Amino acid sequence: MATEKPIMIVGIDESEHSFYALQWTMDRFFTPFPEEQQPYKLIIVHSKPAPSSVIGLAGPGAAEVLPFVEMDLKRAATRVVDKAKEITSKAVKDVTVDVVEGDARNVLCDAVDRHHATVLIVGSHGYGALKRAVLGSVSDYCAHHAHCNVMIVKQPKTKH
């Protein structure tokens with residue numbers, strides 16, 4: 001009887017940092033190994049914002065705008081998923097991609113619990129203290145609240 005591989009979740013969004021973290025993960029944990037020797041089962045999770053969170057506190061015209069916002073968010077999610085599949089396709093045949101509506105912090109921590117993940121990998125946007133305080137940091141939240149090990153992948157700074 002084959003034992004189940006531990007689960008690795010990679011959280012992605014539409015940012016360059018996110019795709020860098022996914023590629024970094026592929027280069028270190030999947031590409032060097034034949035599929036049967038890869039140490040993890042890979043699950044990619046994309047958090048799609050709820051249309052109401054994008055519109056915010058809406059006035060009288062919100063109902064007319066909502067379907068267009070929803071369509072745009074679905075298109076964006078499709079682009080993110082397609083790019084993730086392109087990055088992973090050469091090394092991993094058995095990859096699960098989940099698109100879940102909600103705040104990324106909660107979506108990722110819930111996915112860790114639901115899949116009993118061993119490790120969660122997220123990219124770092126590299127926000128400064130002020131921007132992080134205003135926007136909140138998904139990676140910081142996950143590092144403190146996810147019930148597994150969390151790896152935060154930082155993209156190297158480009159030299160000008």
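Just so it is clear, the structure is predicted and the values come from calculations on it, not from any experiment.
The heavy-atom pair separating A146 from V150 by the smallest distance is CB-CG2, 3.8 Å.
For the 3.5 Å distance criterion, the side chains of H46 and D98 fail to qualify, holding no donor opposite an acceptor. Checking H145 against N106 by side-chain atom types alone, no donor-acceptor pair falls below 3.5 Å.
Expressed to the nearest 0.5 Å, how far CG of L120 lies from NE2 of H115 amounts to 11.5 Å. Taking CZ of R75 as the reference point, atom CE of M71 lies at 5.0 Å (rounded to 0.5 Å). Here the OG-NZ distance, from S139 to K154, works out to 8.5 Å after rounding to the nearest 0.5 Å. Interatomic distance, CG of D94 versus CD of Q38, reported as 9.5 Å (0.5 Å rounding).
In this structure, the side chain of H116 does not engage the main chain of V112 through any donor-acceptor pair within 3.5 Å. Side-chain atoms of Q155 do not come within 3.5 Å of backbone N or O of S18 as any donor-acceptor pair. Side-chain atoms of S47 come within 3.5 Å of backbone N or O of G102 as a donor-acceptor pair.
Heavy atoms from other residues, nucleotides or ligands lying under 6.0 Å from NZ of K93 number more than 12. Taking a 6.0 Å sphere around CD of E35, one finds it holds more than 12 heavy atoms contributed by other residues, nucleotides or ligands. The neighbour count for K41 NZ, taken as heavy atoms of other residues, nucleotides or ligands under 6.0 Å away, is above 12.
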Worksheet item: Stepwise, does the side chain to side chain contact (heavy atoms under 4.5 Å, CB included) test hold for M151 with W24?
Response: CA-CA 11 Å; M151 185 177 297; W24 184 93; 3.3 Å; yes

Item to complete: Give the C-alpha distance, both sets of side-chain angles, the deciding distance and a yes or no for side chain to side chain contact (heavy atoms under 4.5 Å, CB included) between L22 and I44.
Response: CA-CA 9 Å; L22 180 59; I44 298 173; 4.0 Å; yes

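Under the 30°/60° scheme for interplanar angles, the aromatic rings of Y40 and F29 are found to stand perpendicular.
The side-chain contact (heavy atoms from CB on, under 4.5 Å) test applied to Q23 returns M26, D27, I87, not counting sequence neighbours.
Using a 4.0 Å cut-off between charged nitrogen and carboxylate oxygen, K48 and D103 do not count as a salt-bridge pair.
Inter-residue side-chain proximity for F30 and K90 is flagged as unmet; no heavy-atom pair is nearer than 4.5 Å.
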